[in-house]
2 protein chains.
Amino acid sequence: MEGTPTSRAERRRRTEERILSAARAIFAERGFQRTTIRAVAAAAEVDPALVMQYFGSKQELFEQAVRIPSIPPLDGELEPVEELLGRIGMKMGPLPQATLAMMRSMLTHPDAAEEVRGKLDGQVAHLADAMGSGDAELRAALMVSTMLGVTIAHQLLGLTALRDASPERIAETLRPSLRALADG
Amino acid sequence: MEGTPTSRAERRRRTEERILSAARAIFAERGFQRTTIRAVAAAAEVDPALVMQYFGSKQELFEQAVRIPSIPPLDGELEPVEELLGRIGMKMGPLPQATLAMMRSMLTHPDAAEEVRGKLDGQVAHLADAMGSGDAELRAALMVSTMLGVTIAHQLLGLTALRDASPERIAETLRPSLRALADG
DNA sequence: GTCTTCGCTCAACAGTTGTTGACTCAACGA
DNA sequence: TCGTTGAGTCAACAACTGTTGAGCGAAGAC
């Protein structure tokens with residue numbers, strides 16, 4: 001029993017984070033449309049009106065919830081291709097809720113689609129200009145698409161053959177395939 | 001101006017098909033949740049109540065609309081793996097609206113997710129038992145996931161690098177990658 | 001202690017949704 | 001010709017949705 005456990009500013013930050021956390025979880029599980037402000041509020045043990053007061057609209061709540069702390073760009077050492085091949089395992093492991101929420105919504109929420117397309121286009125460009133040859137952009141796009149497909153099948157659809165495979169094993173098995181795309 | 005262009009039975013079949021066609025288009029474009037009975041009815045130039053009278057519920061309308069005429073199983077000649085590799089091009093070309101509707105909805109509509117998972121699991125099993133070796137099932141699952149990812153990126157997200165690439169070129173570039181998975 | 005600020009709740013509005021029942025009218029069988 | 005069937009419409013209900021404004025009560029400033 002602390003005397004004054006929460007100052008006003010502290011209280012605000014906590015409930016705000018509680019709402020964001022609940023929103024991330026529900027957006028990730030149901031996608032944008034099927035997520036209701038009321039459901040988020042209930043999960044955060046808060047009145048629905050408070051969610052509006054904090055974030056203005058459902059759309060802005062979504063944007064805030066899926067805004068990712070921006071991964072440190074690169075260690076700058078490895079070639080992008082080698083780095084991707086090295087990080088497959090990590091990308092197969094448990095993804096942040098924000099990413100899942102984004103992916104879950106990208107096929108039915110135009111804004112999410114735009115956002116994801118932009119991010120993927122960026123990865124493609126980044127890979128492509130480290131690959132050189134003529135159809136590098138296409139091959140890079142197929143690498144990114146492959147990662148996307150495996151992630152969806154694994155994390156969102158739960159294909160039975162992938163469900164109980166460890167991230168490392170998936171990464172290992174997938175590597176030759178991506179390698180084939182990386183080279184001509 | 002035909003005298004009696006439409007018998008009663010004929011009329012019914014036509015409007016039913018008109019509704020189904022409109023439903024497929026809108027489901028494919030917006031997914032299950034964002035598709036409204038009213039929108040389908042309007043596109044079919046029909047009263048919303050008629051849609052209900054014909055199909056009973058939005059869910060049943062969806063099921064009927066995405067029910068695919070079941071592709072002729074196989075020509076029975078080629079090995080499944082070779083057949084997949086041969087048909088990549090076709091799968092990259094314009095897909096039936098029913099398939100697009102299914103894919104569009106699979107991340108946000110539980111029933112669609114279940115259906116797709118089942119279909120993909122089937123393809124995985126079919127591929128896997130033609131591949132033999134130890135981790136065949138995992139490799140088959142990754143092949144299917146790759147196809148899924150490329151299709152999503154190409155048809156639903158519209159990655160810029162894939163948007164203006166011809167189906168044949170995509171198939172050609174993707175083949176070595178899938179080949180690498182098919183062999184150990 | 002007082003006044004103010006502000007986190008938070010309550011109750012409600014307005015729009016949209018899936019769904020339903022009563023009704024109209026032309027096609028059909030006798 | 002006449003009664004019946006069934007395709008199609010109209011108006012409405014009930015539930016749910018995002019969103020809003022008035023108000024309560026405790027933390028903070030003075």
Side-chain angles (χ1 to χ4, degrees), chain A residues 1-23 26-27 29-66 101 105 108-112, chain B residues 1-23 26-27 29-66 101 105 108-112:
Chain A
M1 310 281 189
E2 296 87 325
T4 308
T6 50
S7 77
R8 197 134 74 174
E10 179 66 12
R11 243 185 111 76
R12 167 162 193 126
R13 264 188 312 165
R14 291 209 195 187
T15 49
E16 183 170 316
E17 185 50 50
R18 192 149 32 95
I19 293 174
L20 278 176
S21 175
I26 303 185
F27 277 133
E29 187 182 325
R30 319 204 177 188
F32 181 82
Q33 318 284 341
R34 287 187 46 201
T35 293
T36 161
I37 296 272
R38 285 171 168 82
V40 172
E45 291 175 311
V46 157
D47 191 276
L50 191 64
V51 178
M52 296 303 297
Q53 195 177 126
Y54 272 39
F55 298 95
S57 72
K58 182 182 175 183
Q59 173 62 30
E60 285 190 35
L61 171 64
F62 180 74
E63 291 172 13
Q64 292 263 359
V66 301
S105 307
T108 42
H109 189 294
D111 291 5
Chain B
M1 305 284 189
E2 298 87 323
T4 309
T6 50
S7 76
R8 196 133 77 172
E10 179 66 12
R11 243 186 111 74
R12 171 168 188 119
R13 263 189 312 163
R14 292 211 195 187
T15 49
E16 183 170 316
E17 186 50 50
R18 192 151 30 95
I19 294 174
L20 278 176
S21 176
I26 304 184
F27 277 133
E29 187 182 324
R30 319 203 178 189
F32 181 82
Q33 318 283 341
R34 288 187 44 198
T35 292
T36 163
I37 296 272
R38 283 171 169 83
V40 171
E45 291 174 311
V46 157
D47 192 275
L50 191 65
V51 178
M52 297 302 298
Q53 196 176 127
Y54 273 39
F55 298 95
S57 74
K58 180 182 175 183
Q59 173 62 29
E60 285 189 35
L61 171 64
F62 180 74
E63 291 172 13
Q64 293 261 0
V66 301
S105 306
T108 42
H109 189 295
D111 291 5

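Reminder, nothing fancy here: chain letters follow the sequence lines and each chain counts from 1. If you're wondering where the values come from, they're calculated on a predicted model, not measured in any experiment.
- Between A/Arg34 atom CZ and C/dG18 atom P the separation is 14 Å, expressed in whole Å.
- Which of D/dG21, D/dT9, D/dA7 sits closest to the side chain of B/Val46 comes down to D/dT9.
- Between B/Phe55 atom CZ and D/dA7 atom P the separation is 12 Å, expressed in whole Å.
- B/Gln64 contributes no side-chain N or O that, together with a main-chain N or O of B/Phe55, makes up a donor-acceptor pair within less than 3.5 Å.
- For A/Ile37, the side-chain atoms get nearest to D/dG18 when compared with the rest of C/dG18, D/dA7, D/dG18.
- Proximity note for B/Tyr54 (side chain, C-beta onward) versus C/dC28, D/dA7, C/dG7: the nearest is D/dA7.
- We find that CG of A/Leu61 is positioned 14 Å from C1' of D/dT19, with the value rounded to whole Å.
- Of the candidates C/dG21, D/dT19, C/dT5, the closest approach to any side-chain atom of A/Arg8 belongs to C/dT5.
- Below 30°, between 30° and 60°, or above 60°: for A/Phe32 and A/Phe27 the angle between ring planes is below 30°, a parallel geometry.
- A straight line from CG of A/Asp47 to C1' of D/dT17 spans 15 Å, rounded to a whole angstrom.
- Set against C/dG7, D/dT19, C/dG18, the side chain of A/Arg11 has C/dG7 as its closest nucleotide.
- If B/Gln33 and B/Ala9 are placed on DNA chain C by their nearest nucleotide, the residue sitting closer to the 5' end is B/Gln33.
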Practice problem: Apply the test side chain to side chain contact (heavy atoms under 4.5 Å, CB included) to residues B/Asp111 and B/Phe62: give CA-CA distance (whole Å), side-chain angles for both, the deciding distance (0.1 Å), then the verdict. | Solution: CA-CA 10 Å; B/Asp111 291 5; B/Phe62 180 74; 5.9 Å; no
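- A/Met52 has its CE atom 11 Å from the P atom of D/dG21, to the nearest Å.
- In summary, of the residues considered (A/Glu16, A/Glu10, A/Glu17), a side chain to side chain donor-acceptor pair (under 3.5 Å) with A/Arg14 occurs for A/Glu10 alone.
- Distance, A/Leu50 CG to D/dG18 P: 16 Å, rounded to whole Å.
- Between B/Arg12 and D/dA7 there is a side-chain N or O to OP1 or OP2 distance below 4.0 Å.
- Taking only side-chain atoms of A/Gln53, from C-beta outward, the nucleotide of D/dT19, C/dC8, D/dA7 with the closest atom is C/dC8.
- We find the CG-CD1 distance between B/Leu50 and B/Ile37 to be 11.0 Å, quoted to the nearest 0.5 Å.
- Of the candidate nucleotides C/dC28, D/dT20, D/dG28, D/dG28 has the atom nearest to the side chain of A/Ser7.
- Between the CD atom of A/Glu60 and the C1' atom of D/dT19 there is a distance of 13 Å, given to the nearest Å.
- Regarding contacts with the backbone of C/dC8, a side-chain N or O of A/Thr15 is found under 4.0 angstrom from either OP1 or OP2.
- The side chain of A/Thr36 approaches D/dT17 more closely than any other nucleotide in the set D/dT9, C/dT19, D/dT17.
- Of the candidate nucleotides C/dT17, C/dC10, C/dT20, C/dT17 has the atom nearest to the side chain of B/Arg38.
- We find that CD of A/Glu10 is positioned 13 Å from P of C/dG7, with the value rounded to whole Å.
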